[in-house]
Protein chains: 2
Amino acid sequence: MSLSHALLAALSQQCATGYELAQHFDGCLGHFWKASHQQIYRDLAKLEAQGQVQHEVMPQVGKPERKLYQITPLGLGELQRWIASPADPSPIRDALLVKLYAGNCVEPAVLLAELAQQRAQHANRLEMYQAIESQYFADPASLAYAQRLIWLTLQAGLMYEQQRLAWCDLALKEINRC
Amino acid sequence: MSLSHALLAALSQQCATGYELAQHFDGCLGHFWKASHQQIYRDLAKLEAQGQVQHEVMPQVGKPERKLYQITPLGLGELQRWIASPADPSPIRDALLVKLYAGNCVEPAVLLAELAQQRAQHANRLEMYQAIESQYFADPASLAYAQRLIWLTLQAGLMYEQQRLAWCDLALKEINRC
DNA sequence: TAACCCATGTAACCTGTTACATGATTAA
DNA sequence: TTAATCATGTAACAGGTTACATGGGTTA
């Protein structure tokens, strides 16, 4: 997949400008897909050339014009086709594990520092996810279908960070023992 | 990070040809970093131009010549520098979560099928990791330092797949309930 | 005789990142 | 007056994927 599918996914829920999409990719959607505004503007232009999105210019007073994008039926079809087409789980690309793989080239203290640093970041993210959960998903049983799906993505984040945190603790303990 | 650091990491453990490196990236190292042979040959040439690796041509009878690469002191220095430089945890790029995010655009059965398919792949990988563990790491307490580090990368894989499997089960259950 | 293994590469393309650029309004 | 927010982009580059190419040796 590429960013185009993520853009279609975002626009399937809500019309937006490139600027707003960039914000989404910095917030909610950004927890599982990152994109810079440059990439977003470029891909929106491409999607529009393919007829999958279209925009309407919204003038504003005292502010720059906004280009409000919406998904077209063609774009929705492509989104549905993509969702239904089976894909492999995203390949893992984990620099930290590569560092451990060659970890005998450095002092153990170097690995410990890097592990501690990453552990802290995972702990931060976990706290953030927990805050989101208690603020927006306090009562999961009462959620509508679409909200329940979002809740599931949040659970994926929570479970991932918990597991990562536990692994960092294991690695710190093991390397300290040596 | 890019592939170059992973190549240095591999060569820090063992001299190898491009072909052998491609095999490593299809096996052990490949569990946390993927690379195609095209990319490997290209990056080896770049690393050699930078003086971080060097090769020796090994003629063979009845087979093509091999270029055996080894890491240079300069390359080892760069590897050590890279390992010691703090990095953010790899950003999550998860197409499946993007699919759920826009999951209200398709029938629930479509999501269930995709989740079941991914669940099966995670179960496969988990089994594979467990097989590696019982074959090569039956007695973790007796491992030398470098082996212990490899064992930690294996634990990361095991924990990741277990957690992913549990999440797929949660998602299947939740979507079935609707 | 067909397919696979060994072993190397080139070229085109797609995707993602970084740097640069504009220009008005608003809050500290 | 400095920085941040709103809102759009271009250009160059780095990294990753796919397709194409060669050619002998081995196994089914």
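Chain letters run A, B, ... following the sequence lines, proteins first and then strands; every chain starts at 1. Quick caveat, the model's predicted, so the values are computed rather than measured.
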Participant: When we call it a touch if two heavy atoms are under 4.0 Å apart, what does A:Lys34 touch: a base, just sugar-phosphate, or nothing?
Facilitator: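 Touches nothing.
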Participant: Looking at the side chain of A:Tyr19, which of C:dT8, D:dA7, C:dC20 is the nearest nucleotide?
Facilitator: D:dA7
Participant: Rounded to whole Å, please give me the gap between CZ in B:Phe25 and P in D:dT17.
Facilitator: 12 Å
Participant: Please give, in whole Å, the distance from C:dC14 P to A:His5 NE2?
Facilitator: 14 Å
Participant: Among C:dT17, C:dT8, C:dC6, which nucleotide has an atom closest to any side-chain atom of B:Lys63?
Facilitator: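 Closest nucleotide among those given: C:dC6.
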Participant: Hey, which of these two, A:Asp43 or B:Tyr41, hits DNA chain C nearer its 5' end, going by closest nucleotide?
Facilitator: B:Tyr41
Participant: Please pick, from C:dG9, C:dA7, D:dG9, the nucleotide with the shortest atom-to-atom distance to any side-chain atom of B:His37.
Facilitator: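 Shortest atom-to-atom distance from the side chain points to C:dG9.
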Participant: Where each residue is assigned the nucleotide of DNA chain D containing its nearest heavy atom, which of B:Val61 and B:Ser36 is assigned the position nearer the 5′ end?
Facilitator: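 Counting from the 5' end, the first nearest nucleotide belongs to B:Ser36.
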Participant: How about A:His5 and A:Glu78: does a side-chain donor come under 3.5 Å of a side-chain acceptor?
Facilitator: yes
Participant: With a 4.0 Å limit, can you tell me whether B:Ser2 has a side-chain N or O closer than that to the phosphate oxygens OP1/OP2 of D:dG16?
Facilitator: no
Participant: Is it true that A:Gln163 and B:Gln162 share a donor-acceptor pair across their side chains at a distance under 3.5 Å?
Facilitator: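 No, no side-chain donor-acceptor pair sits under 3.5 Å.
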Participant: A:Ile40 has an atom CD1; how far is it from atom C1' of C:dT15, in whole Å?
Facilitator: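 Distance, rounded to whole Å: 14 Å.
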Participant: Run the ring-centre check on B:Phe25 versus B:His37 and record whether the distance is less than 6.0 Å.
Facilitator: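 Centroid distance B:Phe25-B:His37: not below 6.0 Å, so no.
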Participant: Can you tell me if A:Glu114 and A:Gln117 form a side-chain donor-acceptor pair at under 3.5 Å?
Facilitator: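 Yes, a side-chain donor-acceptor pair sits under 3.5 Å.
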Participant: Assign A:Gln60 to base, sugar-phosphate, or nothing according to its heavy-atom contacts below 4.0 angstrom with the strands shown.
Facilitator: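 Counting heavy atoms under 4.0 Å across all strands, the contact made by A:Gln60 is with sugar-phosphate only.
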Participant: Using whole Å, report how far CG of A:Leu47 lies from P of C:dT15.
Facilitator: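 My rounded result for the distance is 10 Å.
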Participant: Quick one: B:His55 NE2 to C:dA7 P, roughly how many Å, whole number?
Facilitator: 15 Å
Participant: 5'-most contact on DNA chain C: A:Gln38 or A:Leu3, nearest heavy atom basis?
Facilitator: A:Leu3
Participant: Please state whether the base of D:dG15 and the side chain of A:Arg93 form at least one donor-acceptor pair under 3.5 Å?
Facilitator: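 No, the side chain and the base share no sub-3.5 Å donor-acceptor pair.
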Participant: State whether a side-chain donor-acceptor pair under 3.5 Å links B:Asn124 with B:Glu161.
Facilitator: no
Participant: Among D:dA19, C:dT17, C:dA12, which nucleotide sits nearest the side chain of A:Gln39?
Facilitator: C:dT17
Participant: Which nucleotide wins on minimum distance to the side chain of B:Arg66, given the candidates C:dA7, D:dA7, D:dT18?
Facilitator: C:dA7
Participant: Can you find a donor-acceptor pair, distance only, under 3.5 Å between B:Arg42 side chain and D:dG15 base?
Facilitator: no
Participant: So B:Glu20, base contact, sugar-phosphate only, or nothing? Heavy-atom distance under 4.0 Å.
Facilitator: nothing
Participant: Let me know the distance between CG of A:Asp26 and P of C:dT17, rounded to the nearest Å.
Facilitator: 13 Å
Participant: Around atom CD of B:Glu107, are there more than 12 heavy atoms from other residues, nucleotides or ligands closer than 6.0 Å?
Facilitator: no
Participant: In whole angstrom, give the distance that lies between atom NZ of A:Lys46 and atom C1' of C:dC13.
Facilitator: 10 Å
Participant: In this structure, how many angstroms lie between the P atom of D:dG23 and the CD atom of B:Glu65, rounded?
Facilitator: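 From B:Glu65 CD to D:dG23 P: 15 Å.
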